[in-house]
Every structure is written in C-alpha cells, then in structure tokens.
**Student:** 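Got a structure for you, written out below as structure tokens; questions coming shortly.
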Amino acid sequence: APEAVTLLAFREALRGPQGVPPDPLSQWVTTAGPCAGPGVSLWYGVTCHQRTGQVLGLRLEYLGLQGDAPDMSVLAALPGLRALSLANNNLTGPFPDLSMLPALKMLYLSRNKLAGDIPDGAFASMRGLRKLYLSDNAFTGPIPSSITSPRLLVLQLSKNRFEGPLPDFAQADLRSVDFSGNNLSGPIPTGLQRFKATAFQGNKNLCGPPLGTECPAEALVAPPSPPLPTSSTSSPRSLRILMIIAIVVLVAGALLSAAGLFTAFLSRRNERRQATTETLGGGGPSAAAAAAAAAKAKATSDPAITIEQSGAEQHGAAVAAPAKRGGRRDDHGRLVFIQEGRERFELEDLLRASAEVLGSGNFGASYKATLMEGQTMVVKRFKEMNGVGREDFNEHMRRLGRLVHPNLLPVVAYLYKKEEKLFVTDYIVNGSLAHLLHGGSRSNVPALDWPKRLKIIKGVARGLAHLYDELPMLTVPHGHLKSSNVLLDAAFEPILSDYALVPVVTPHHAAQVMVAYKSPECGQQGRPSKKSDVWSLGILILEVLTGKFPANYLRQGRTGTDLAGWVHSVAREEWSGEVFDNDMRGTRGGEGEMVKLLKLGLACCETDVDKRWDLREALARIEELRERDPGAASSFVSDVGEPAPPSRPGEPPHSSST
Ligand SMILES: Nc1ncnc2c1ncn2[C@@H]1O[C@H](COP(=O)(O)OP(=O)(O)OP(=O)(O)O)[C@@H](O)[C@H]1O
C-alpha cells in the first residue's frame with residue numbers, strides 16, 4: 001500500500017545519528033499496512049481515520065529520536081494526515097519545514113531540543129491548524145506571525161527563548177495558551193488578557209493584565225502591532241460585541257420557547273425510560289435505555305424530539321469548539337464531543353443498534369455499540385461521579401480532550417447528567433489485558449509471549465508519563481491503573497482507559513474503589529501521593545509477569561493488606577524461578593531481562609513512598625529493558641521451568657519485602 005511505503009520511507013528518515021530506526025518501529029512491516037480498516041491501526045504510533053481508514057495521525061513520542069528533525073516532505077504523500085507528534089524526543093537543529101503539510105490540524109514538537117528562530121511564514125500554508133505545541137525547546141526570535149491562524153485553538157510555546165511582543169491573535173478563537181518562560185516583552189494584547197497570569201509568567205518584560213506588573217507609559221501609548229498575514233484580521237471589536245449581543249438575545253428567546261417543550265419531552269422520556277430498561281439488560285434506570293427510547297420516539301417523529309434534534313445541529317457547531325467562553329450548551333442530555341476531527345453522532349445513533357454489554361465495573365456497565373457508518377464505540381456509565389459541579393466537570397473533560405498519546409484511550413464524547421455521566425470511547429479490538437491474562441482460552445487471540453508483555457509494560461509506562469507531563473496539577477494523574485483498564489489494540493499496543501478521573505469522582509467512592517487508594521500510603525495516611533500510580537504500575541508489572549490476578553481487585557472497599565501480601569508472596573517466589581507465567585516459559589535469551597522487569601515491579605511496589613521511584617525514574621528503567629538479554633543468554637527458566645542458579649540476580653529487590 002502506498003501509505004506503508006511512505007511511512008517506511010519516513011522511518012528511514014528517523015534513523016538519526018544512531019543509524020537505526022527506533023525500536024518500536026521495527027514492528028512496521030509491509031505485509032500488513034498501517035491501517036487494517038476504518039479506525040483499526042496495526043502499526044505503532046499510527047492512528048487511522050474512523051471512516052476512510054487512511055492514516056490520520058502519527059505519534060512518534062518517547063522514541064529517543066536524535067539529530068535534526070526528519071525531512072517531513074515525505075509525509076506529503078499521506079493525504080489524510082492531520083495530526084503529527086514528535087514530542088518528547090531529543091531532536092536538535094532548526095524548526096523543520098512543514099510547508100508540504102498544509103492540511104495539518106495538530107502539531108506536537110514539545111520537549112525536544114529544537115533551536116533557533118522559526119521563519120515568520122512557517123505556518124502560512126497551514127490555515128486549518130488547531131493545536132500547536134512547541135513548549136520546552138530552545139526556539140529564539142519573534143513568535144512567527146503566521147501562527148495567528150483563524151482556527152487556532154491551542155497554542156503552547158512555554159519554556160523557549162521567544163522574544164519581542166506577543167501577536168494579538170485577534171482572529172483566532174484561542175481556548176488555551178501558554179507563553180510562560182520566554183523572553184517576551186511589552187503589553188499583553190487585549191485579546192489575550194482573559195487567560196490566567198500563569199500563561200505569561202517567567203517573561204521578565206511582559207506587562208499589563210492579567211500580570212500584576214503595570215506597563216510603562218510609553219509601552220501603552222504605542223502598543224506593538226505585530227505584522228499580521230492579512231488585513232482582515234483587524235475586525236472592529238465593537239462590531240463583534242454587537243454580534244455577540246444579538247446572538248445572546250436570539251438564543252435566550254429560542255431557549256425560553258423551547259423550555260416548555262423540553263419539560264414535556266423530559267416527562268415523556270421518563271415514562272418511556274421505565275418501559276425500556278429491559279432492552280439493555282435491566283439493572284435499574286439506564287441512560288442508555290432512555291436514549292434508546294428517545295431514538296424510538298424519534299423514529300415515530302415525536303415533535304418534542306424533533307425540536308431537540310434541530311437544536312442538536314446548532315449544538316454540533318457549538319461543540320466543535322467546546323470552550324467557547326462560558327458556553328453552557330453542552331448539557332440537557334446531549335453528547336459533548338471533546339476530540340477534534342471526530343465524526344459527530346448522537347447517543348440515539350449509538351444505541352439504535354442493539355448494544356452489547358461488555359461488563360460492569362465499579363462505576364457501572366460498559367456497552368459496545370456500532371454506528372451505522374461502521375465505527376464501533378464503547379459507552380461507559382459512570383455513577384458516583386459527583387466530585388465537582390457541572391462547570392468544573394466540563395472543564396476537566398476539556399482538559400482530557402487535549403490529551404493525545406498512542407497509549408491513552410481518548411474520551412471521544414461525554415454526556416453529563418446529574419445522577420450519572422456517560423463516556424464514549426473507541427472500541428479497542430483485543431479487549432482488556434485482564435481478559436487476556438485471566439479470561440481463559442480465547443481461540444482467536446494468541447497467548448502473550450514475553451516480547452508482547454514487555455511492549456505492554458513499556459506502552460503503559462509511556463502513557464502514564466504523558467499523563468504526568470500533561471496533568472501535573474493532579475495528585476494521581478491516573479488513579480485507576482489496573483489490568484482491566486489496559487486495553488490492547490490489534491498490534492497489542494496497550495491503551496490506558498479510565499485515567500485522570502480522581503478529581504471528578506465522588507470522594508467517598510474514589511476512596512472505596514479506585515486503585516490508587518489501595519496503595520500502602522492510603523492505608524497509612526489515608527491519601528494517595530504522586531507516587532501511588534507508580535505503585536499501581538508495580539502491581540501491574542507483577543501481574544503481567546506472573547499471570548496472577550492481584551487479589552484485591554476482587555474486593556471492594558479494602559485497602560492495602562491483601563495486595564501487599566500478594567506482592568510479598570511474589571517476592572518470595574522470585575527465588576524459586578516458578579514465578580513467571582507459564583505462557584512465557586518457552587522464552588529463550590530474554591530471561592535476564594524478565595528478571596530485571598520483575599525486580600523493577602517489586603521496586604515500584606516499595607512501601608515507603610519516599611524511597612519509591614517517581615514515575616520518570618520508573619519509565620527510564622523500563623525503557624532500558626530489551627526483549628533479549630545483552631550478550632550470552634543465561635537460562636533462568638529452562639524448558640521445564642527449572643530454575644538455573646547462575647542467573648540469579650545479585651541484589652535483593654529494592655522493596656520493603658524480606
Ligand atoms: N474501549 C473499550 N474497548 C474494548 N473493551 C472495553 C473497552 N472499555 C471497556 N472494555 C471492556 O469492558 C470491561 C468492563 O469495563 P469497565 O471499564 O466497565 O469496568 P472495569 O474496568 O472492570 O472496572 P472499573 O469500573 O473499576 O474501571 C473491561 O474488562 C473491558 O474488557
């Protein structure tokens with residue numbers, strides 16, 4: 001397939017000074033192309049379009065890429081490419097030429113060592129650019145004026161050495177910016193003053209609101225007007241304000257007249273909800289059932305629903321940029337889409353076909369449903385999610401919507417209701433790691449061998465690290481890491497789900513059921529720490545290596561003891577050589593690395609939080625592991641699973657267990 005050829009050519013460009021392409025990309029082979037169909041990616045780091053099956057995104061993060069940024073012009077042969085990430089590598093040299101990729105909507109180059117001035121017209125061809133992440137590099141000079149694309153929503157330029165004035169972004173509808181930690185100077189343009197001061201901190205010479213520093217008189221007299229690419233950018237503010245007032249008046253009128261009809265709709269829907277709970281497996285009033293009822297009613301052209309439906313069309317436009325300041329239109333039983341570039345649909349569309357129950361967890365059930373267009377989605381019900389009010393909840397969801405990483409399951413859309421929330425995500429073909437490890441034989445899925453298990457742990461650690469980078473304000477950025485929340489795609493790349501939910505879960509419920517709250521520190525001090533996810537990662541590593549089910553996943557509301565006991569029993573077994581899962585017994589030449597990972601898992605389970613590694617450290621150690629032992633392979637696990645004494649590791653594990 002041409003896409004495969006293109007990507008393999010790009011892989012060549014990623015060889016860098018080391019001369020070899022990064023390890024995970026060895027999995028790119030021509031026999032299977034990058035996409036097996038709509039939404040089904042077979043290659044590491046590739047996202048496939050849900051409808052066309054073309055390559056939509058390329059996320060090559062944490063691969064240790066070095067040297068100059070690769071020649072991007074190769075990628076021009078991917079017509080569907082919209083998102084490109086080379087963030088979190090060690091790329092050096094100047095900003096790459098991206099003029100051949102005018103259709104890009106998202107570009108992530110943060111946390112590299114790219115340097116120098118960015119040409120002023122670097123983004124001129126990308127008129128649809130929505131998200132640009134260049135933080136944590138060494139860029140210098142002025143912020144290029146071509147960045148001020150009208151469609152730009154997110155701009156992260158922090159921790160560089162940009163200098164000069166801030167452009168005013170008059171034509172963009174920015175929802176998130178970060179200019180902190182640069183050498184920018186002059187007054188903050190009015191169009192940017194609505195953002196928090198933190199977005200501008202660390203620039204010695206910036207002044208004016210929202211910063212506390214007043215601008216010197218001369219700066220105010222002649223505010224810098226950076227060159228803008230077109231003259232249409234200077235639309236009069238007063239006209240905009242008038243338009244906003246007109247829209248508000250119109251919307252208020254429409255809402256008032258719709259209110260009566262909406263109340264009627266709600267009461268009718270409640271009646272129907274009672275009648276149809278059984279269609280989705282009973283279990284109390286279900287939003288899914290309510291939606292199915294709504295769908296049925298729609299089919300019989302219920303006037304109330306027809307009206308709501310036409311509201312939905314307007315809404316579709318509103319949620320395309322969900323952060324429209326103060327926008328409150330994302331409620332009343334409609335899905336709110338937080339992912340860019342995703343097909344819009346209604347809950348009714350999802351549940352029109354019979355929904356299959358995937359399982360029930362601690363928060364409610366998960367359903368699988370296939371849209372008419374063929375996309376398969378999962379709807380998960382979350383009860384006990386009242387940790388914050390509606391506004392804060394929406395804000396948190398937008399934060400989650402901005403996360404993009406190949407090892408994180410994106411929340412595509414959500415529905416807010418007071419008593420429960422619904423999350424819509426993609427269906428991940430190979431199901432959960434828990435199911436694969438403990439679900440008995442599943443004829444069509446091969447047993448997990450050591451290379452697959454190592455790949456899973458690496459991916460999990462990378463996904464976690466991304467959460468730690470992007471959500472540093474959360475005490476436990478994941479909070480609920482366990483094998484049923486690690487899903488596996490067609491290439492056995494792990495994809496984390498149910499992350500970053502602690503802030504929105506009802507605190508009492510979080511303390512009862514979420515995995516981070518089962519860590520030793522919660523038993524001792526009653527609260528999780530920044531390292532509680534590391535502890536969960538340790539448990540997951542031990543589970544993956546032993547194939548054993550950590551006891552306390554089964555029990556609710558109990559902390560610490562069971563699982564700690566389990567960890568210690570694993571530690572004891574390590575010395576017997578019997579500890580590894582039978583499915584890995586045939587491993588040749590990787591036994592030493594298996595033992596290293598086991599010790600690493602135990603180290604992550606260190607009881608003393610101060611001594612326990614932080615996530616960065618854990619990730620760094622995990623990244624060092626290889627499928628095959630360096631040098632001559634020692635035989636720790638022989639054919640029949642007998643221990644072979646010489647390969648016994650020298651040191652006791654870095655764990656409190658004895
Ligand atoms: N997006 C998905 N794709 C494929 N399978 C999924 C998806 N989400 C969930 N599942 C499957 O559904 C099962 C139930 O998942 P669910 O998240 O509801 O509960 P849980 O993970 O067991 O518990 P908790 O509610 O504590 O997270 C999981 O074991 C998993 O196999």
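As the structure is a computational prediction, the values presented were derived from the model and not from experiment. Just the heavy atoms: all of them, side chains too, but no hydrogens, waters or symmetry mates, feed the values below. Counting convention: from 1, in listed order, for ligands and their atoms alike.
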**Student:** Quick check: closest heavy atoms across Ser536 and Val515, and the distance to 0.1 Å?
**Tutor:** OG-CG1, 3.7 Å

**Student:** Any salt bridge (charged side-chain N to carboxylate O under 4.0 Å, His left out) pairs touching residues 521-532, not counting sequence neighbours?
**Tutor:** Glu521-Arg612

**Student:** Who's the nearest protein heavy-atom neighbour of atom 30 (C) of ligand 1, and how far?
**Tutor:** Ser432 CB, 3.8 Å

**Student:** Identify the protein heavy atom lying closest to atom 19 (O) of ligand 1, giving its residue, its atom name and the separation to 0.1 Å.
**Tutor:** Gly361 CA, 3.4 Å

**Student:** Please enumerate all residues that pass salt bridge (charged side-chain N to carboxylate O under 4.0 Å, His left out) together with Glu470, with sequence neighbours excluded.
**Tutor:** Arg111

**Student:** Please name the pair of heavy atoms, one in His478 and one in Asp498, separated by the smallest distance, quoted to 0.1 Å.
**Tutor:** CE1-O, 3.7 Å

**Student:** Between Asn362 and ligand 1, does any nitrogen or oxygen pair lie at a separation below 3.5 Å?
**Tutor:** yes

**Student:** Parallel, tilted or perpendicular: which one describes the rings of Phe363 and His509, with boundaries at 30° and 60°?
**Tutor:** perpendicular

**Student:** Which residue owns the protein heavy atom closest to atom 3 (N) of ligand 1, what's the atom, and how far is it?
**Tutor:** Ile428 N, 2.9 Å

**Student:** From atom 26 (O) of ligand 1, work out which of His480, Lys383, Arg381 has a heavy atom at the shortest distance.
**Tutor:** His480

**Student:** Considering Leu358, Asp489, Val357, which one's heavy-atom position lies nearest to atom 9 (C) of ligand 1?
**Tutor:** Leu358

**Student:** Starting from atom 20 (P) of ligand 1, locate the nearest protein heavy atom and write down its residue, its atom name and how far away it is, to 0.1 Å.
**Tutor:** Ser484 OG, 3.5 Å

**Student:** Check whether any N or O atom of Val378, backbone or side chain, sits under 3.5 Å from an N or O atom of ligand 1, and answer yes or no.
**Tutor:** no

**Student:** Step by step, work out the side chain to side chain donor-acceptor pair (under 3.5 Å) result for Asp614 and Tyr468.
**Tutor:** CA-CA 10 Å; Asp614 62 17; Tyr468 272 71; over 6 Å; no

**Student:** N/O of Lys380 under 3.5 Å from N/O of ligand 1, yes or no?
**Tutor:** yes

**Student:** Should you measure from each heavy atom of Phe363, which atoms of ligand 1 turn up under 4.0 Å away?
**Tutor:** 25 (O)

**Student:** Closer than 4.0 Å to some heavy atom of Thr425 - which atoms of ligand 1 meet that?
**Tutor:** 1 (N)

**Student:** Nearest to atom 1 (N) of ligand 1, what protein heavy atom do you find, and at what distance?
**Tutor:** Asp426 O, 2.9 Å

**Student:** So which heavy atom on Ile541 is nearest to which on Gly601, and how close?
**Tutor:** CG2-CA, 3.7 Å

**Student:** Who's closest to atom 15 (O) of ligand 1 heavy-atom-wise, of Gly431, Gly364, Ser366, Ala434?
**Tutor:** Ser366

**Student:** Nearest 0.5 Å, what's the NE2-CE distance between His480 and Met514?
**Tutor:** 5.0 Å

**Student:** Any N or O on Ser360 sitting closer than 3.5 Å to an N or O of ligand 1?
**Tutor:** no

**Student:** Calculate, to the nearest 0.5 Å, the distance between atoms CG and CD1 belonging to Asn485 and Ile495 respectively.
**Tutor:** 13.0 Å

**Student:** Nearest heavy atom to atom 23 (O) of ligand 1 wins, so pick from Met377, Lys482, Met514.
**Tutor:** Lys482

**Student:** For the residue pair Phe393 and Tyr414, categorise the inter-ring angle as parallel (less than 30°), tilted (30 to 60°) or perpendicular (more than 60°).
**Tutor:** perpendicular

